[in-house]
There are 2 protein chains.
Amino acid sequence: MNTFDPTIRSQRTLVPVDVSTVQDRVYQSLRLGLLKGEFLPGEQVSIRALAEVFGTSPMPVREAVARLIAERAIEQSGPRTLRVAPYLASDHENYIRVRMQLEGYAAERAASAPKNPALTDALRRHNDSIQEALEVRDFDAALAGNQAFHFELYRAGGYPQLLDIISTLWLRTGPIVASARKDEGLFYRIFNNGVQIHSNAIEAISQRDRAAARHAINLDIRSSHLSIRRFYQRASAESGH
Amino acid sequence: MNTFDPTIRSQRTLVPVDVSTVQDRVYQSLRLGLLKGEFLPGEQVSIRALAEVFGTSPMPVREAVARLIAERAIEQSGPRTLRVAPYLASDHENYIRVRMQLEGYAAERAASAPKNPALTDALRRHNDSIQEALEVRDFDAALAGNQAFHFELYRAGGYPQLLDIISTLWLRTGPIVASARKDEGLFYRIFNNGVQIHSNAIEAISQRDRAAARHAINLDIRSSHLSIRRFYQRASAESGH
DNA sequence: CCTTGAGATATGTGATCACACATCTCACAG
DNA sequence: CTGTGAGATGTGTGATCACATATCTCAAGG
């Protein structure tokens with residue numbers, strides 16, 4: 001019997017093999033870790049240590065880190081030292097301004113597209129998941145839900161290139177937002193407030209109101225930014241005495 | 001005599017040594033080459049070949065290329081092949097839209113800043129250099145002058161983070177714009193038109209007219225984009241028969 | 001108890017080697 | 001003249017080693 005007989009090919013369960021490289025998988029893993037807040041702003045990272053965690057040689061990690069350096073998610077803080085981008089008040093404020101421009105624009109685009117019930121349903125689902133996560137104090141899930149909501153929205157309105165740029169901005173501000181988990185009350189208020197604002201955004205999109213959509217997203221970004229800035233001001237004041 | 005006597009320190013001519021790494025210099029060199037149009041869109045690149053040109057081992061080039069891949073200036077077109085990002089009509093159109101958002105915003109910011117004669121002088125100087133370069137058909141110089149004009153403007157209005165993002169967008173569209181040199185007539189018209197628009201932008205900034213500044217920059221971006229799109233349409237039509 | 005300095009440790013950087021594999025070259029058979 | 005296939009060449013990828021040096025440890029001296 002010829003096992004390669006094409007007439008029985010439908011019986012096969014062969015699936016495309018994974019051709020991705022090790023460095024790609026390391027890169028994606030680090031990226032996700034940064035977005036999930038598994039790294040603190042300013043935290044020092046070591047190529048060899050990461051390689052051990054991933055069970056690879058340092059080589060693929062070096063390449064992945066080189067990419068993250070280009071995206072300003074990791075920076076060289078000294079001659080031979082790497083760290084996650086730290087929180088710097090003025091820098092972060094600037095990133096927030098750029099995010100408002102780009103994400104507001106993406107929201108506008110999503111709102112001006114033809115009505116899409118599947119989109120608004122998905123957005124509502126993501127928003128509900130944030131709410132539910134907050135109630136059981138599952139902050140990881142709340143963070144993930146928030147990210148899913150925003151990216152669903154931007155994917156709808158934006159072209160891939162816009163989404164791509166926004167995602168690198170999230171990569172830079174991700175560890176900073178995630179670090180607010182250290183103050184559970186603050187974190188709860190930020191995202192509880194966000195849920196309300198997201199509802200407004202969904203409403204604006206379902207009504208194809210571009211200005212309202214942009215306004216809602218910008219409010220979401222700015223208000224969480226202000227809370228986080230206060231958080232860091234208080235943190236630095238406490239460590240100052 | 002104590003050579004470290006601080007009272008004679010002013011006699012020293014010591015200067016900070018260059019602590020940059022090889023991979024940094026390779027990265028900057030490749031970046032500049034891409035912006036100057038020394039690579040064609042879609043052109044295949046080889047790590048080993050570049051290493052030979054730079055006179056280094058392949059190692060630093062690998063890291064530099066990894067960064068450029070993260071910036072989408074270089075892409076992996078196959079299992080073991082790298083190339084400069086090629087021209088794709090729809091992708092390029094999307095980048096142009098994002099550029100209009102960001103660079104228009106930066107122009108607005110520059111126009112709303114306090115009057116700055118040094119800035120308008122510098123802009124005028126850059127614009128004149130484009131004009132002069134066009135007259136002697138020095139297209140490299142025209143390209144450099146155009147880049148200097150835009151970046152001077154964005155540096156004035158934008159914060160470093162905004163400039164940074166814009167520069168990565170130029171990195172992606174750079175080889176495409178530069179490739180228009182192959183049609184000298186087209187290239188001349190694009191930049192001659194640009195000089196006029198730049199004058200309008202300078203006027204808008206000196207009058208602190210935000211809307212006019214944004215409009216001028218957006219017109220500059222869009223009109224050169226349309227010309228380049230026609231150029232590629234014609235090129236693909238010619239190669240098609 | 002505090003300061004200092006030498007040794008140990010850990011770091012990124014660069015070079016070199018091994019490997020799997022895609023592509024190209026070119027002689028040979030049809 | 002055309003198509004084919006084997007060998008040669010070149011590719012990115014990953015691992016390993018060597019090196020200079022920043023940082024940390026901890027004991028000796030003040």
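Only this structure's heavy atoms are used, side chains among them; waters, hydrogens and symmetry mates stay out. Naming convention: chains lettered A, B, ... in sequence-line order (proteins, then strands); numbering from 1 in each chain.
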Examine D/dT11: is either OP1 or OP2 under 4.0 Å from a nitrogen or oxygen in the side chain of B/S46? Give yes or no.
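So the side chain of B/S46 is within the cut-off, an N or O lying under 4.0 Å from OP1 or OP2 of D/dT11.
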Within less than 4.0 Å of OP1 or OP2 of C/dT13, is there a side-chain N or O belonging to A/Q76?
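For A/Q76, the contact criterion (side-chain N or O under 4.0 Å from OP1 or OP2 of C/dT13) is met.
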Rounded to whole angstrom units, what separation is found between the [atom1] atom of [X] and the [atom2] atom of [N]?
{"X": "A/L50", "N": "C/dG12", "atom1": "CG", "atom2": "C1'", "value": "13 Å"}
{"X": "A/E43", "N": "C/dT11", "atom1": "CD", "atom2": "P", "value": "13 Å"}
{"X": "A/R25", "N": "D/dT13", "atom1": "CZ", "atom2": "C1'", "value": "12 Å"}
{"X": "B/D24", "N": "C/dG14", "atom1": "CG", "atom2": "P", "value": "8 Å"}
{"X": "B/E63", "N": "C/dA15", "atom1": "CD", "atom2": "C1'", "value": "12 Å"}
{"X": "B/M59", "N": "D/dC17", "atom1": "CE", "atom2": "P", "value": "16 Å"}
{"X": "B/I69", "N": "D/dT13", "atom1": "CD1", "atom2": "C1'", "value": "12 Å"}
{"X": "A/R80", "N": "C/dT11", "atom1": "CZ", "atom2": "P", "value": "12 Å"}

Heavy-atom nearest nucleotide on DNA chain D for B/A49 versus A/Q23: which residue maps closer to 5'?
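Nearest-nucleotide comparison on DNA chain D picks B/A49.
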Starting from the 5' end of DNA chain D, give me the residue, B/Q44 or A/G55, whose nearest nucleotide shows up first.
B/Q44
Consider only side-chain N and O atoms of B/N146 and B/H126, and report whether a donor and an acceptor are under 3.5 Å apart.
no
Separation between NE2 of A/H225 and NE2 of A/H92, rounded to the nearest 0.5 Å
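The NE2 atom of A/H225 sits 6.5 Å away from the NE2 atom of A/H92.
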Roughly how far, to the nearest 0.5 Å, is the CG atom of B/D220 from the CE atom of B/M100?
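Here the rounded value is 10.5 Å.
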Would you classify B/V26 as touching base, sugar-phosphate or nothing, given that sugar-phosphate means primed atoms plus P, OP1 and OP2, and contacts are heavy atoms under 4.0 Å?
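The answer is nothing, as B/V26 stays clear of every strand by at least 4.0 Å.
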Among D/dG14, D/dA22, D/dT21, which is the nearest nucleotide to the side chain of A/P79?
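For A/P79, the side-chain atoms sit closest to D/dA22.
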If you check the B/L82 side chain, which of D/dG14, D/dG12, D/dA20 turns out closest?
D/dG12
Do B/R67's NZ or CZ and the ring of B/Y27 fall within the cation-pi criteria of under 6.0 Å and 45°?
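Yes, B/R67 lies over the aromatic ring of B/Y27.
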Would B/R31 and B/W170 count as a cation-pi pair here, with the cationic atom under 6.0 angstrom from the ring centre and within 45° of the axis?
no
Looking at the base of D/dG10, is there any donor atom on it, or on the side chain of B/R48, that sits under 3.5 Å from an acceptor on the other one?
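No.
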Is there a donor and acceptor pair closer than 3.5 Å between the side chain of A/R62 and the base of D/dG14?
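By the distance-only test, no, there is no pair.
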Taking the nucleotide of DNA chain C with the nearest heavy atom to each, does A/V45 or B/T56 sit closer to the 5' end?
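In this pair, the answer is A/V45.
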